[in-house]
Amino acid sequence: MSEDYCTIADAVKPPRAQGPPYAECVLCREPTEYPESYKGITLCPVCEWQEAQRTACSG
């Protein structure tokens, strides 16, 4: 069985920022690791981890 069966195949992470300004997290509004110019959903490391825990496969 494939170990990546729980991953979303089309999920694309934004590129990491080289420095400020950073985009703000869409959940808590804290700075993320992504550039402010990125258009799309960005999460800070804490919210990203919590979201991964919520959506992790249990099995």
Side-chain angles (χ1 to χ4, degrees):
M1 189 179 293
S2 175
E3 290 194 20
D4 62 348
Y5 65 94
C6 292
T7 60
I8 299 171
D10 296 334
V12 177
K13 293 189 83 165
R16 300 279 181 194
Q18 298 299 318
Y22 299 107
E24 64 180 32
C25 177
V26 296
L27 298 177
C28 70
R29 305 184 65 87
E30 290 293 320
T32 67
E33 298 174 343
Y34 306 112
E36 192 175 61
S37 61
Y38 179 76
K39 303 297 183 215
I41 296 172
T42 54
L43 299 173
C44 70
V46 173
C47 290
E48 206 169 78
W49 181 83
Q50 289 173 341
E51 188 65 21
Q53 293 297 310
R54 280 192 287 274
T55 59
C57 293
S58 59

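Heavy atoms only: backbone and side chains are in, while hydrogens, waters and symmetry mates are out. Only a predicted model underlies this, so the values are computations on that prediction, with no experimental measurement involved.
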J.: Using the side chain to side chain contact (heavy atoms under 4.5 Å, CB included) rule, take E51 and L43 through it: C-alpha gap first, then chi angles, then the decisive distance, then the call.
T.: CA-CA 9 Å; E51 188 65 21; L43 299 173; 4.2 Å; yes
J.: CD of E48 to CD1 of I41: how many Å apart, nearest 0.5 Å?
T.: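 Between atom CD of E48 and atom CD1 of I41 there are 12.0 Å.
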J.: For the OG1 atom of T55 and the CD atom of Q50, what is their distance to the nearest 0.5 Å?
T.: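 The OG1 atom of T55 sits 12.0 Å away from the CD atom of Q50.
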J.: Side-chain contact test, heavy atoms from C-beta onward, threshold under 4.5 Å: evaluate it for E24 versus P31 and give yes or no.
T.: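 Side chain of E24 against side chain of P31, heavy atoms only: no contact under 4.5 Å found.
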J.: To the closest 0.5 Å, what do you measure between CD (E33) and SG (C44)?
T.: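 Answer for the CD-SG pair, E33 versus C44, is 9.0 Å.
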J.: What's the separation between atom OH in Y34 and atom SG in C25, rounded to the nearest 0.5 Å?
T.: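 These two atoms lie 10.0 Å from each other.
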J.: In the single-linkage hydrophobic clustering (I, L, V, M, F, W, Y; side-chain heavy atoms under 4.5 Å), do Y22 and Y38 co-cluster?
T.: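 Y22 does not cluster with Y38.
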J.: In terms of heavy-atom contacts, does CZ of R54 have more than 12 from other residues, nucleotides or ligands at under 6.0 Å?
T.: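 Yes, because the 6.0 Å sphere around CZ of R54 holds more than 12 heavy atoms from other groups.
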J.: I'd like to know if the side chain of T32 and the backbone of A23 have a donor-acceptor N/O pair within less than 3.5 Å.
T.: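 Flag set: sc T32 to bb A23 pair under 3.5 Å.
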